[in-house]
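Residue numbers start from 1 in every chain, and the chains themselves are labelled A, B, ... in the order their sequence lines are given, proteins ahead of strands. Just so it is clear, the model here is predicted, and its values are computed rather than measured.
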Number of protein chains: 2
Amino acid sequence: MARMPKEHLEARRRQILDAARHCFIRNGFHATSMQDVLTEAELSAGAVYRYFKSKDDIIAATAAEALAEVASAFEADDGARPPDLDNIVDLVLGVERPPLSGSQESAQLLVQVWSEALRSPSLCTKLREVMAEARGVVGGLVARHQQRGLLPADVPAEHVADVLMALVDGFLVRRAVYGHADSAAFRNGMRALMSAPAQATRQR
Amino acid sequence: MARMPKEHLEARRRQILDAARHCFIRNGFHATSMQDVLTEAELSAGAVYRYFKSKDDIIAATAAEALAEVASAFEADDGARPPDLDNIVDLVLGVERPPLSGSQESAQLLVQVWSEALRSPSLCTKLREVMAEARGVVGGLVARHQQRGLLPADVPAEHVADVLMALVDGFLVRRAVYGHADSAAFRNGMRALMSAPAQATRQR
DNA sequence: CGAAAAAGAACGAACATTCCTTTTTTAAGA
DNA sequence: TCTTAAAAAAGGAATGTTCGTTCTTTTTCG
């Protein structure tokens, strides 16, 4: 019998997923053809279809990895001492840190995942799960800030968490479209907003 | 000679674009087939191809309208008395106001436009132009706040504008994916963040 | 040697688009 | 006002291509 080392199976999957990721980032999920993926992976159709049963299967796996990247980026901050909130973008998208450090490419893929989630119920579910978990993590971070009097306590932590997560999403959009998306300037802007004199945010 | 009323030409274009918009929101630009659009518009291929020379043409027109919607949503705030910054999301995405009031559908289409811009250089250019203009408008709004002492003046207005626009983008993502995206809760979260005690945003 | 892996030709379905036909509409002529 | 001819619009079958996938063959390797 000739069974190949089990690690080679995983290596091939990796090779295919990496190639597909490249193609998807370059051209989107549905404007990318299987031939594009085959060429990029330098494999034949017969080879690829041994490891994935369909194109949708490859899309799902690629999207799942992108979401896992996001999830781990948020999880990494859990349990750590609460950092400054205006640094959250850096914390989640930080340049040197492993998660989401792929920079523009990861951001671009994530935008495609969002748009694919609009038409794929299963992906939408997964996306919501990841967002819900992240909301919990960030919400906990906010709550700790509130307990220390660093944030007003009369607003649900989840509401503040939603704003912070929207900031991250918005930053990702800019990074995906523009490429550069200066995180230092972004942090400056956040700091300015958060240090606004109290009268600027009057109740109504 | 038999020339039809010129208004009917525009009405047909509208009919086709409306149908296409529906399809694109439901299934994305590239997973939507021409047959889908023809069926939704209740027209034949021959009819549609009299008004648009290709599918890409329809995609471009749809995306252009989506971007125009965004542009007008930002422009509407220009010149007006400076509103509270924590209301910017409401101002731009307000429920009763004409622009972007399509709510979830507009948000979903915009996410698709973002992802299409990643593979279409011309759409990318247009998107950047719209964002640049909006940045100018919001930047001016921030500058006026700075002059009144409502915001720290030692940070470039554009940096603060970037943060505010990222907030809007992030809110759109949540509205597209979740549907509801409670803007009142969002505004509460923003207000909490902006009324953070000064020591929460220490320099480093 | 024999089984697993890869190759690549082959396949039917679906695609965007075109082309020819039919219907509708308008404007002029009787 | 009614008819008619020409032109525009719409219909829908046809076309050639490209797609995702399968199937058969060849290669590789334990």
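Between B:Phe171 and B:Phe186, the ring planes lie perpendicular to each other; the angle is over 60°, past the 30° to 60° tilted range.
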Indicate every side-chain donor-acceptor pair of residues 155-169 of chain B with a distance under 3.5 Å to a residue at least two apart or in another chain.
from	atom 1	to	atom 2	distance (Å)
B:Asp162	OD1	A:Arg174	NH2	3.0
B:Asp162	OD1	B:Arg135	NH1	3.0
B:Asp162	OD2	B:Arg135	NH1	2.6

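Residue pairs that meet the salt bridge (charged side-chain N to carboxylate O under 4.0 Å, His left out) test with at least one member in residues 27-40 of chain A, sequence neighbours left out, are A:Arg26-A:Glu40.
The side chain to side chain donor-acceptor pair (under 3.5 Å) test applied to A:His22 returns no partner, not counting sequence neighbours. Applying the side-chain contact (heavy atoms from CB on, under 4.5 Å) test to B:Glu65 and every residue at least two apart in sequence or in another chain returns B:Arg14, B:Leu17. Residues forming a salt bridge (charged side-chain N to carboxylate O under 4.0 Å, His left out) with B:Glu129 (at least two apart in sequence, or on another chain): none.
Following rounding to the nearest Å, B:Gln35 (CD) and C:dA13 (P) show an atom-to-atom distance of 17 Å. Between A:Gln15 atom CD and C:dA5 atom C1' there is a gap of 13 Å when expressed in whole angstrom units. Between the NE2 atom of B:His8 and the C1' atom of D:dA10 there is a distance of 12 Å, given to the nearest Å. A straight line from CG of B:Asp36 to C1' of C:dA14 spans 11 Å, rounded to a whole angstrom. Put simply, CE on A:Met34 is 21 Å from P on C:dG12, counting in whole angstrom units. The interatomic distance linking B:Arg12 (CZ) with D:dA8 (P) rounds to 17 Å, in whole Å. One interatomic measurement links the two molecules: CD of A:Glu42 to C1' of C:dG8, which rounds to 16 Å at whole-angstrom precision.
Scanning residues 44-57 of chain A for heavy-atom distances under 4.0 Å to DNA chain D yields A:Ala45, A:Tyr49, A:Ser54, A:Lys55.
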